[in-house]
There are 2 protein chains.
Amino acid sequence: MENRILKYLSNYTTITEDLEKAIYESAFFKSYKKGTVLLKEGDFSNECYFILEGCIRSYFLRDGEENTIEFYTEEQVVTPTNFGKPIPSPYYLECLEDTVVNVGNPTVEKEMFQKYPQLESLSRVIAEVILNKQQASFAGFKTSSPEERYLNLLKTRPDLLQRASQRQIASYLGIKPESLSRIRKRLMNK
Amino acid sequence: MENRILKYLSNYTTITEDLEKAIYESAFFKSYKKGTVLLKEGDFSNECYFILEGCIRSYFLRDGEENTIEFYTEEQVVTPTNFGKPIPSPYYLECLEDTVVNVGNPTVEKEMFQKYPQLESLSRVIAEVILNKQQASFAGFKTSSPEERYLNLLKTRPDLLQRASQRQIASYLGIKPESLSRIRKRLMNK
DNA sequence: ATTCCTTCTTAACTTAAGTCAATGTGGTGA
DNA sequence: TCACCACATTGACTTAAGTTAAGAAGGAAT
């Protein structure tokens, strides 16, 4: 199991044996059942996650509606906004499936960064990569129609359509469930 | 002038005197005239910028149209995607005004990070803050109408409406210039 | 000053998403 | 098993953005 983290990190640099061992030893796992809420809007966040199995959704409420921000799946990192800080979370985190994660906390993170500066360097690189990816998807979102966004999702993350409800997918695409339903119908007849 | 960088960085941690001196000494400035293209789509990027004065816009072409990704203004950092890597840039960078920047390059960045690990740590923190901000604006974008997005821009970055053309603003808002024109008209009569 | 070009605005029309409401469907729990 | 509830689909209607086209306004260059 732990290999997945090392595999993930080694996409970015070569990991020293020393660091590999440390990651191994500090690894701390948890399992959650489908539907578990990991973090509530307004609460303080003291955990971050690396997903080994399952799916986590972030969302917030507006006018009573759930607005999906992001879906996180295998080999993705979930670092909540304000992780480790006494500032309320702007969103919920919820498991859409039974989910197995590697859990981190601010204290261990700090210790690890101090002991292995290479790890913090790696974190910087990864944060920048994720930032650029997110900027690219934001740009893609802005320049495409709801239908194009749906088709793009179908192409890039088809698994999500099995894992999440259509309401959740619709809000992720920035549209109403009725519209998604119509888009799907429209595409069926093509 | 250099103070602005230190001021910016000190928003996140206290800067050691040592580091302060190093930043001071490594500071390298450039001025560009309005309209200067700093980076072309497809080119390699070897510079990053901290804006002291002026405005930089990132955009890409699609069907001959310019799609604005972001506007960067005073005290913002512009680190191009693939900065320092032999991978083509996905977008243009252009000065909307006469612009004064502090310029960085991959070599100096690397040296500074090696010499001052605190600086790389700071960069990680800043990257994460920017990432969260961007995620929040993406979420806001998805859940609001073009009119709401315009009103939000008016509230959060009113200066941009003076600095950029309406076409540029419109593409930034993910709409057509005609629509922006109508939205403005609509709001006039309220 | 004139020309040329781009931007901005306006209008008429098309298209698709939002809204509201009704119905069908599937899963959960008592 | 049944009742209930959230989800998904469909239809009728409203609304606003996209499209196309034309004209007005402002700037830059000659």
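Below, chains carry the letters A, B, ... as their sequence lines are ordered, and counting in each starts from 1. Side chains are part of it too, since the values below use all heavy atoms of this structure and drop only hydrogens, waters and symmetry mates.
- Applying the 4.5 Å side-chain rule to ILVMFWY residues, one finds Val37(A), Tyr59(A), Leu61(A) in the same cluster as Tyr92(A).
- Sorted by first and then second residue, the ring-ring contact (aromatic ring centres under 6.0 Å, His included) pairs with a member in residues 110-134 of chain A form an empty list; sequence neighbours excluded.
- At a threshold of 4.0 Å, the pair Glu94(B)-Arg57(B) counts as salt-bridged, since one of the basic side-chain nitrogens sits closer than that to a carboxylate oxygen.
- The distance from the NZ atom of Lys33(B) to the OG1 atom of Thr99(B) is 12.5 Å, given to the nearest 0.5 Å.
- No salt bridge links Arg124(A) with Glu128(B); every basic N to acidic carboxylate O contact stays at or beyond 4.0 Å.
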Grab the N/O contacts between the protein and nucleotides 5-10 of chain D below 3.5 Å, and write none if there aren't any.
from: dC7(D); atom 1: OP2; to: Arg167(A); atom 2: NE; distance (Å): 3.4
from: dA8(D); atom 1: OP1; to: Gln166(A); atom 2: N; distance (Å): 2.8
from: dA8(D); atom 1: OP2; to: Arg167(A); atom 2: N; distance (Å): 3.0
from: dT9(D); atom 1: OP2; to: Gln166(A); atom 2: NE2; distance (Å): 2.7
from: dT9(D); atom 1: OP2; to: Ser181(A); atom 2: OG; distance (Å): 3.1
from: dT9(D); atom 1: O5'; to: Ser181(A); atom 2: OG; distance (Å): 3.3

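- With 3.5 Å as the limit, one finds no donor-acceptor pair spanning the side chains of Gln76(B) and Tyr8(B).
- A heavy-atom distance below 4.5 Å is not found between the side chains of Phe44(A) and Asn82(A).
- Separating the NZ atom of Lys176(B) from the P atom of dA17(D) is a distance of 13 Å, rounded to the nearest angstrom.
- Across the helix from dA1(C)-dT30(D) to dA30(C)-dT1(D), the helix axis at one end is tilted relative to the axis at the other end by 50° (nearest 10 degrees, each axis from five pairs).
- When DNA chain C is scanned 5' to 3' for any atom under 4.0 Å from a heavy atom of chain B, the first and last hits are dT7(C) to dA12(C).
- Counting only residues at least two apart or on different chains, the ring-ring contact (aromatic ring centres under 6.0 Å, His included) pairs with a member in residues 136-156 of chain A are Phe138(A)-Phe138(B), Phe138(A)-Phe141(B), Phe141(A)-Phe138(B).
- Under the 4.5 Å side-chain heavy-atom criterion for ILVMFWY residues, no single connected hydrophobic cluster contains both Ile5(B) and Tyr49(B).
- Salt bridge absent: Glu74(A) and Arg4(A) never bring a charged side-chain N and a carboxylate O closer than 4.0 Å.
- Dashed line: the shortest gap from a side-chain N or O of Arg149(B) to OP1 or OP2 of dA17(D) is not under 4.0 Å.
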